[in-house]
Amino acid sequence: KAFQHFEAGLKIDPDNLAARVSYARALYLSGQDEAALEQLHSVLERAPEQTLAEFLLAVLQQSRGESDAAMEHYYRILQHDERHTGARFYLANLLFEREQYAAAAKQYAAALAVNPDIPPARVLELVARQRAGEPDRKIAAALEQRVTDYPEQPELKYALVRLRSLSTDMEVRDGVRALTLANQLAPKQPTPPNIAALALAAAADGQFDQAARLQRQVVDMMRWMLEEDALKRLQTTLDAYEDGRLPAQPPWPVDDPLLAPPPLNPAGPFRHYPAAVPY
């Protein structure tokens with residue numbers, strides 16, 4: 001196993017800190033969390049400026065629910081390296097989850113400025129800005145541009161469908177635009193959220209019978225998968241369409257998983273985050 005090779009090498013050269021970080025990565029990926037933590041702490045005791053070790057330590061702590069400690073590490077990394085997109089993105093996610101939306105939006109924007117190829121950040125920055133109080137008109141304009149720039153990213157279209165359908169700003173509401181986007185989205189990826197977005201867009205365009213038909217599909221698809229409260233929300237939306245009205249909900253509900261940070265998967269950065277010097 002990889003960790004055994006690093007272990008053998010470190011007996012020969014115990015001061016090789018790059019190899020010790022790689023050893024920690026291999027330990028974690030083999031299921032040895034505590035041993036990985038011990039190695040990362042060991043590296044940082046000798047070299048506090050070792051940003052990769054600190055980043056992996058922060059991710060591991062965050063995965064264990066130690067979010068305060070993780071945030072401290074992310075901030076410290078950015079003091080050493082303001083272009084560290086991993087630290088910025090993970091910090092932004094923590095800030096978002098704590099409803100510190102203005103701060104989260106700044107971190108997402110900073111991460112995208114360094115590396116625009118972070119698809120979740122493209123959506124989450126705008127969601128955070130809207131929840132921080134930025135007007136829907138400004139958010140819609142920015143989102144339209146991102147849909148143009150990244151036409152293959154479905155979450156952008158999904159977010160724009162909902163905003164064009166349910167914004168409280170009548171200058172932003174546009175049922176025709178919402179329906180056009182939803183018709184691009186749902187046929188390619190007929191998932192329950194996308195079908196629900198198509199139903200919403202149809203309702204925003206005044207096609208309530210069609211909206212109800214589509215929403216019934218969503219309710220039937222999700223009936224055995226959702227908790228009772230979540231299923232009731234889907235049914236309440238269906239009731240609204242059957243009554244010929246839009247549902248009374250915000251464009252971007254706080255419990256929508258497509259408009260929230262992705263679940264943390266520490267194995268991703270431990271396996272893939274680049275190391276300038278792996279050993």
Side-chain angles (χ1 to χ4, degrees), residues 101 119-131 134-223 225-226 229-262:
Y101 294 120
R122 298 174 193 151
V123 178
L124 293 173
E125 184 214 348
L126 296 178
V127 175
R129 283 167 53 184
Q130 195 248 18
R131 291 188 184 158
E134 200 162 315
D136 282 2
R137 293 184 196 192
K138 194 170 181 180
I139 298 297
L143 190 49
E144 287 282 5
Q145 185 61 56
R146 288 192 187 175
V147 167
T148 299
D149 293 342
Y150 305 101
E152 298 307 312
Q153 185 176 346
E155 296 86 357
L156 292 168
K157 290 180 180 176
Y158 172 85
L160 189 52
V161 167
R162 291 197 58 89
L163 190 63
R164 290 292 187 197
S165 298
L166 289 171
S167 174
T168 57
D169 184 340
M170 292 301 107
E171 292 295 320
V172 174
R173 287 254 189 122
D174 187 338
V176 173
R177 176 62 173 151
L179 193 55
T180 299
L181 289 162
N183 276 318
Q184 295 170 8
L185 189 63
K188 285 186 179 180
Q189 297 183 350
T191 62
N194 288 347
I195 296 171
L198 181 56
L200 177 62
D205 193 46
Q207 301 180 42
F208 289 103
D209 289 343
Q210 173 75 343
R213 184 184 68 79
L214 290 164
Q215 188 69 12
R216 282 190 209 101
Q217 291 181 25
V218 177
V219 172
D220 290 341
M221 292 168 72
M222 302 300 290
R223 188 177 303 281
M225 300 170 61
L226 293 179
D229 287 348
L231 195 59
K232 280 183 178 177
R233 287 195 291 273
L234 292 180
Q235 183 62 49
T236 298
T237 299
L238 174 56
D239 293 343
Y241 298 154
E242 290 177 337
D243 290 343
R245 55 185 172 80
L246 285 168
Q249 57 185 241
W252 294 342
V254 294
D255 61 349
D256 189 331
L258 296 184
L259 303 173

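Count residues from 1 along the sequence.
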Inset, instruction - Verify side chain to side chain contact (heavy atoms under 4.5 Å, CB included) between Gln130 and Glu125, making sure each step is shown before the conclusion. - result: CA-CA 9 Å; Gln130 195 248 18; Glu125 184 214 348; over 6 Å; no
Legend entry - Flag, side chain of Asp243 to backbone of Arg245, donor-acceptor distance under 3.5 Å: no
Inset, instruction - Keeping the roles fixed (side chain from Lys157, backbone from Gln184), state whether a donor-acceptor pair exists under 3.5 Å. - result: no
Inset, instruction - Might you point out which heavy atoms bring Val123 and Ala159 nearest each other, and give the distance in Å? - result: CG1-CB, 4.5 Å
Inset, instruction - List the atom of Leu179, the atom of Ala202, and the distance in Å for their closest heavy-atom pair. - result: CD1-N, 3.8 Å
Inset, instruction - List the steps, then state whether side chain to side chain contact (heavy atoms under 4.5 Å, CB included) holds for Tyr158 with Leu163. - result: CA-CA 9 Å; Tyr158 172 85; Leu163 190 63; over 6 Å; no
Inset, instruction - Could you tell me whether Asp209 atom CG has more than 12 heavy atoms of other residues or ligands within 6.0 Å of it? - result: no
Inset, instruction - Please round to the nearest 0.5 Å and tell me the distance separating atom CG of Leu198 and atom CG of Leu214. - result: 5.0 Å
Inset, instruction - Please confirm whether the backbone N or O of Thr237 pairs with a side-chain atom of Gln215, one donor and one acceptor, at under 3.5 Å? - result: no
Legend entry - Nearest-0.5 Å distance that lies between atom CZ in Arg233 and atom CG in Leu238: 15.5 Å
Inset, instruction - Apply side chain to side chain contact (heavy atoms under 4.5 Å, CB included) to Ala121 and list each qualifying residue two or more places apart in sequence or on a separate chain. - result: Phe89, Tyr108, Leu112, Ile118
Legend entry - Nearest atoms (heavy-atom pairs only) where Ser165 meets Ala201: OG-CA, 3.8 Å
Inset, instruction - Drop me the distance from Leu156's CG to Tyr150's OH, to the nearest 0.5 angstrom. - result: 9.0 Å
Legend entry - Arg216 bridged to Glu242 by N-O distance under 4.0 Å: yes
Legend entry - No-hydrogen, no-angle side-chain donor-acceptor test under 3.5 Å, Gln235 and Arg223: no
Legend entry - Main-chain N/O of Gln189 paired to Asn194 side chain as donor or acceptor, under 3.5 Å: yes
Inset, instruction - For the residue pair Pro247 and Thr236, establish whether any side-chain heavy-atom pair is separated by less than 4.5 Å. - result: no
Inset, instruction - Find the distance between CE (Met222) and CG (Leu234) and round it off to the nearest 0.5 Å. - result: 7.0 Å
Legend entry - Pro261 side chain reached by Val127 side chain, heavy atoms, under 4.5 Å: no
Legend entry - Arg164 side chain vs Arg173 backbone, donor-acceptor pair below 3.5 Å: no
Inset, instruction - Step through the shown structure and confirm whether more than 12 heavy atoms of other residues, nucleotides or ligands are within 6.0 Å of CE on Met170. - result: yes
Legend entry - Contact summary for Pro120 and Gln153, nearest pair of heavy atoms: N-NE2, 4.4 Å
Inset, instruction - Apply side chain to side chain contact (heavy atoms under 4.5 Å, CB included) to Asp256 and Arg162, showing your working. - result: CA-CA 11 Å; Asp256 189 331; Arg162 291 197 58 89; 4.2 Å; yes
Inset, instruction - Look up atom OH in Tyr241 and atom CZ in Arg213, then write down how far apart they are to the nearest 0.5 Å. - result: 13.0 Å
Legend entry - Distance in Å, Glu134 CD paired with Leu126 CG, rounded so as to fall on 0.5 Å steps: 8.0 Å
Inset, instruction - Establish, for the pair Arg129 and Tyr101, whether the NZ or CZ atom is under 6.0 angstrom from the six-membered ring centre and no further than 45 degrees off its axis. - result: no
Inset, instruction - Please step through side chain to side chain contact (heavy atoms under 4.5 Å, CB included) for the pair Arg177 and Val161, ending with a clear verdict. - result: CA-CA 8 Å; Arg177 176 62 173 151; Val161 167; over 6 Å; no
Inset, instruction - Would you confirm whether Arg137, through its side chain, and Glu171, through its main-chain N or O, come within 3.5 Å as a donor-acceptor pair? - result: no
Legend entry - Taking every non-hydrogen atom, the tightest pair across Leu185 and Pro154: CD1-CB, 3.5 Å
Inset, instruction - Would you mind reporting whether Thr191 and Met221 have side-chain heavy atoms less than 4.5 Å apart? - result: no
Inset, instruction - Could you pull out the closest heavy-atom pair between Leu258 and Pro193, with the gap in Å? - result: CD1-CB, 3.6 Å
